[in-house]
Number of protein chains: 2
Amino acid sequence: MKNTTTAIQVLDRAVGLLDSLSHYPEPVPLKFLTADTGLHASTAFRILAALTAHGFVERTDSGNYMLGTRLLQLGHRVKAGTDVRREARAVMEWLRDQVEESVNLTLREGDEVVYVERVTPARSIRVEQVIGSRAPLHVTAVGKLMLGEMDDESLENYASRTNLERYTRNTLTDLDGLKTEARSSVAQGYALDNEEAELGVGCIGVLIRDGSGKVVAGLSISAPIERRKEDWIPLVLEAGRRISARLGFTG
Amino acid sequence: MKNTTTAIQVLDRAVGLLDSLSHYPEPVPLKFLTADTGLHASTAFRILAALTAHGFVERTDSGNYMLGTRLLQLGHRVKAGTDVRREARAVMEWLRDQVEESVNLTLREGDEVVYVERVTPARSIRVEQVIGSRAPLHVTAVGKLMLGEMDDESLENYASRTNLERYTRNTLTDLDGLKTEARSSVAQGYALDNEEAELGVGCIGVLIRDGSGKVVAGLSISAPIERRKEDWIPLVLEAGRRISARLGFTG
DNA sequence: GAATCGTTTTCACAATATGAAAAATACTAC
DNA sequence: GTAGTATTTTTCATATTGTGAAAACGATTC
């Protein structure tokens, strides 16, 4: 567990505890948390008590710890991409119903995309992205489009910063290949991800633009690779156009 | 701004900053936050820097502060009512489409209900509950049902603890009236809220139970009072039954 | 009923967060 | 343009605050 360290120790520790908590599907005893974080029991206890008082953590009757509803509240007040998320929701549901696959909305954040909204179909085998999770630009359909929007220099900087880490055998790890792919994706208006982030998963992604023409998000279908159909491309393009239109884009 | 105070000062302050941040619809400059929280500029700055490093806060290009996507992530990992929320979603959408009004899912937390999930109709005038917001039991339809499930003593304790605070002229503020209403609501299987929490807003609520028969949540329609129809009662009951059934309740 | 394990409280200590002040940066107005 | 003002950021000496050892408490288990 990587632990970001800042100028304020308690905060680092508190965040570490929340982080640890978020990894458990069930409420956990103090013991587990001290084990994860390496904190002294009394220290962890004290911090958790404070977090509990603020509703960031809740305790079960048995005294176990879990994330608190205050986080739900704050999560819903996050402004990043508020407009896009609100406007996108209905269209995402429409697209999901057309193809019966998971549809995700992503925001760019630095060298990564963050999954901020998702709708899933009612079938037992489906692709599920965790809200808030991240992936580097070069391994996702939407990310490749974002890279394709950059000028050569920025793209090269991205490559040297991140080293184009390999995720699967299909990941584009050489600058030239990536550049070609990114450019042609932008040219055709959509990008594919052929198991480049995860084996077995294929995506079709497009960019979302706001009234000023700026790229504000990405929309993609994620499906088991053998179910993914290129026929869906027009649908994804259409969905992207609709969301962009709602945001005032007149492209 | 009430500020819960715990054994750990920095945490209180950090939470205060997040809280302040959550009240603004747009990114704000440091100035505003120091004004809200009363913190010294350098102190607020330092704490915000730490929160930013952890993704709890983000800064715009102009240097203004806003809540960060890390909160989205943690919010989605909150376990409270996870099962119910997941199972309820589809049924809530169905109900929303039947009546074209907002549908809310609430959890009980102490003497209050917390709104944890919501779907809204595509009409311009509609009731919107903020996810994470709270209301005392005696002013909501679902809450009255929860009160009706208690024994006399617990109900009386609730009344004396909370003083049955008045929200509108329709709020039930006397123990006897509340008791009668709560009991009969439970008997009929649903409760109405006739502008008891907010003037102009009417609700129809039912309880959700899990496999063990325990009440785990509440479901309600919230509509402008003049649009609310008693015809909807069977639909809400049906939706409640469906969700409970998904959780293994066999009535 | 003793022993073991986990949680909670207490408390003396020093490491940590603090805020005054200074430096840097961004605005405004003239 | 320049002077002036407001805001953000860095620095640093200080004492306040968070720390963790140890002890008290509470469950379980043997």
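A, B, ... follow the sequence lines: proteins, then strands. Residue 1 opens every chain. FYI, side chains are in, hydrogens and waters are out, and symmetry mates aren't considered; it's all heavy atoms of this structure.
- Residue Arg46(A) contributes atom CZ, which lies 13 Å from atom C1' of dA15(C) at whole-angstrom precision.
- Distance, Leu17(B) CG to dT18(C) P: 11 Å, rounded to whole Å.
- Taking the ring centre of Tyr65(B) as origin, the terminal cationic atom of Arg59(B) falls inside the region bounded by 6.0 Å and 45° from the ring axis.
- Ring planes of His138(A) and Tyr167(A): perpendicular class, angle over 60° (limits at 30 and 60°).
- For Arg13(A), no side-chain nitrogen or oxygen approaches OP1 or OP2 of dA17(C) to under 4.0 Å.
- Distance, Ile8(A) CD1 to dA15(C) P: 19 Å, rounded to whole Å.
- Considering every non-hydrogen atom in both Glu156(B) and Leu175(B), the closest pair reads CG-CD2, 3.5 Å.
- The minimum heavy-atom distance linking Val142(B) with Leu207(B) is given by the pair O-CD2, 4.0 Å.
- Nucleotide dT7(C) holds its P atom 13 Å from the NE2 atom of His40(A), rounded to whole Å.
- In this structure, Thr162(A) and Pro136(A) have side chains that are not in contact, with every pair of non-hydrogen atoms separated by 4.5 Å or more.
- Put simply, CD on Gln9(A) is 11 Å from P on dA15(C), counting in whole angstrom units.
- The shortest distance between the side-chain N/O atoms of Ser42(A) and the OP1/OP2 oxygens of dT8(C) is not below 4.0 Å.
- The nearest whole Å value for the distance from the CG atom in Leu39(A) to the C1' atom in dT8(C) is 16 Å.
- In this structure, Leu11(A) and Ala14(B) approach most closely via the heavy-atom pair CD2-CB, 3.8 Å.
- Heavy atoms of Phe32(A) sit nowhere under 4.0 angstrom from any nucleic acid atom.
- Extent of DNA chain D lying under 4.0 Å from chain B heavy atoms, first and last nucleotide in 5' to 3' order, is dT7(D) to dG18(D).
- If Lys31(A) and Leu11(A) are placed on DNA chain C by their nearest nucleotide, the residue sitting closer to the 5' end is Lys31(A).
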